Amino acid sequence: MNSTRIIAGLVFFVLTIPALPPIFFPLFEPYTFGKMELFEIAVELMALVFAFSVKHRGALVPVLMDRLVIAVGMLCGVAALATLVSVDITQSFWGSSARGDGLFPLLHFALFFFVLRAAFTHNMMLSALRFSVGASLFTAWYGVAQWFALPLVSDPMGEIFSTIGNPAFFAAYLAMHIFCALYLARGETRANWHILWYTIAVFEVVVAVLANSAAVTTGLMLGLLVAAYPYAKERWGGRSITLAAGGSVLCIAGAFLFFANPILDRTTTQSRLFVWKHSIGVIAERPFIGHGAQQFSVPVAHTGETFDKPHNIFLELLVSYGIAGLMAYLFMWYAAERSVHRIFSEQKDRFLFWGLGVSYVMFLFFFFEVFATALLFFFLLALLGAQAQEAVPLRPFTFVPTGGVVVCVFILFAIFHYQPLFTAYFSNRLFTHAAATGTLDNSLKTEALRYDSFNRPFVENAIALFEREKKRGSERGL
């Protein structure tokens, strides 16, 4: 069997995961947890096939010396150290299914990036990128179906979140793919495909706006302005800078006006400002190495919510991994920018990727990484690296390494995946039963909380929320 084809098949499968509807995951938090588990198992398979197939270990040296690989490794190293000194090592290691944080998920994103970086050529990465854009197109149509409130997919609250599970994260996922589609269009020589990529980009812009996220829409507009700068300069010369600056102001103002309420009057904005202020004090307690992932919790009185993240990627990194973590993260972005500058000679390609970066950072300034966006982010890092060097040669995959992979997969599943899946399965049954009967079944509750695994904190929070709402309902009835 061809090892590269096996890895490629797994990569294509991984890129499909964000587009899978929740019906495929009869688990607690189907939009996030089941997808993260599936991703982790697939990445472990990729890594094992790659490890058993490398012809010469020396061929890995150029890959390991790549600046992007070093940057990702530094971030993982800081995260590992912060986890070891965390107040709750278990929780910091596992992270949470809804957020995709924690050392364990981060290591899988890093493995995904490394295998792609080492095993894929630039043309293979482009094929995978085309497939990912196709997956995003499916999610966009799914979102349109929700907008029209079609049966089986419509949301009772009228929100558009497609297969991603949250409107803002859905919009961010589309925004990243919009720039990917534009990049594919620029490199396309076939006229029909050239038109197709541009059509997909325009369609996904419309759907992203319909998802109704001010931060993502504003970031997308700014990013598209950055991407359009070389074209404006080519057309209007020096005046393009003034036009770009004026256009940026109009985009920001237009985005905020489009989303009804003034920004400072929005409940979500007030909550964020409160949480940001609180996070400064948390950072000051352990500024250098942080508290570890999932060690942040702030109740917001005027909404009744409890924020488990600062909803700002930079503050989150400082809380979780301290100054060391933030520096490692910024170095990763610097390495990516240097790769863009080195690889692309055309200004139009450079500004397209810089525009993607601007759009994504704008999203992260008000939110945080989730599975769907982090997956594409690490994929794009690998895309940049794959243009720099040749792929590592792999030997054919024979019977002996197949047996080794099977044994390793079984061991990894027993150690890392059985307990989280057990928890998620019984949690789903617990809350399905609770929704139907109005009571929590004690036997199902016991099973759902049997293991201190990946999803337990969210299960406990969901139980507490259910009991609180039930108590309020009883009080109103009296």
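Because the structure is a prediction, the values reported are computed rather than measured.
Between Trp354 and Phe351, the ring center distance clears the sub-6.0 Å criterion.
By the 4.5 Å heavy-atom criterion applied to side chains, Val370 and Thr373 are counted as neighbours. When side chains are defined from C-beta on, Thr4 counts as touching Met124, because their heavy atoms get closer than 4.5 Å. Here the side chains of Glu40 and Pro105 are in contact, with some heavy-atom distance below 4.5 Å. Counting only heavy atoms from C-beta outward, the side chains of Tyr183 and Trp197 never approach each other to under 4.5 Å. The closest side-chain heavy-atom distance from Met332 to Tyr329 is below 4.5 Å. Contact check for Cys180 versus Val133: side-chain heavy atoms found under the 4.5 Å cut-off. Side chains of His291 and Val282 form a contact here, defined as non-hydrogen atoms less than 4.5 Å apart. A 4.5 Å side-chain heavy-atom check between Tyr451 and Phe426 finds every atom pair outside the cut-off.
In this structure, CG on Leu380 lies 9.5 Å from CG on Leu375, to the nearest 0.5 angstrom. The structure places CZ of Arg429 at 9.0 Å from CD of Glu447, a figure rounded to the nearest 0.5 Å. Interatomic distance, Thr83 OG1 to Leu103 CG, rounded to the nearest 0.5 Å: 4.5 Å.
Put simply, the side chain of Lys35 gets close to the backbone of Leu20: a donor and an acceptor are under 3.5 Å apart. When atom types are taken as modelled, the side chain of Gln294 and the backbone of Gln91 share no donor-acceptor pair closer than 3.5 angstrom. Side-chain atoms of Thr423 come within 3.5 Å of backbone atoms of Gln419 as a donor-acceptor pair (strictly under, hydrogens ignored). In this structure a side-chain-to-backbone donor-acceptor pair under 3.5 Å is present from Ser162 to Thr139.
More than 12 heavy-atom neighbours from other residues, nucleotides or ligands sit within 6.0 angstrom of CD1 on Ile415. Residue Arg5 places its CZ atom among 12 or fewer non-hydrogen atoms of other residues, nucleotides or ligands, all under 6.0 Å distant.
For Lys309 and Phe368, the positive end sits near the middle of the six-membered ring, less than 6.0 Å away and at most 45° from its axis.
Across Phe314, Phe296, Phe365, a single residue satisfies ring-ring contact (aromatic ring centres under 6.0 Å, His included) together with Trp276, and that is Phe365. Considering Phe378, Phe377, Phe39 in turn, Phe39 is the only one that fulfils the ring-ring contact (aromatic ring centres under 6.0 Å, His included) rule with Phe371.
Taking each heavy atom of Gly143 and Ile160 in turn, the nearest pair found is O-CG2, 3.4 Å. Phe344 and Arg350 get closest at one heavy-atom pair: O-NE, 2.6 Å. What you find for Val115 and Ala47 is that their closest heavy atoms are CG2-CA, 4.0 Å. Taking all atoms of both residues into account, the shortest heavy-atom contact from Ala140 to Phe170 is CA-CZ, 4.1 Å.
Ring-plane geometry between Phe363 and Phe169 is classed as perpendicular, the angle between the planes exceeding 60 degrees on a 0 to 90 degree scale with a lower cut at 30.
Between the side chains of Tyr173 and Glu204, not a single donor N or O lies within less than 3.5 Å of an accepting N or O.
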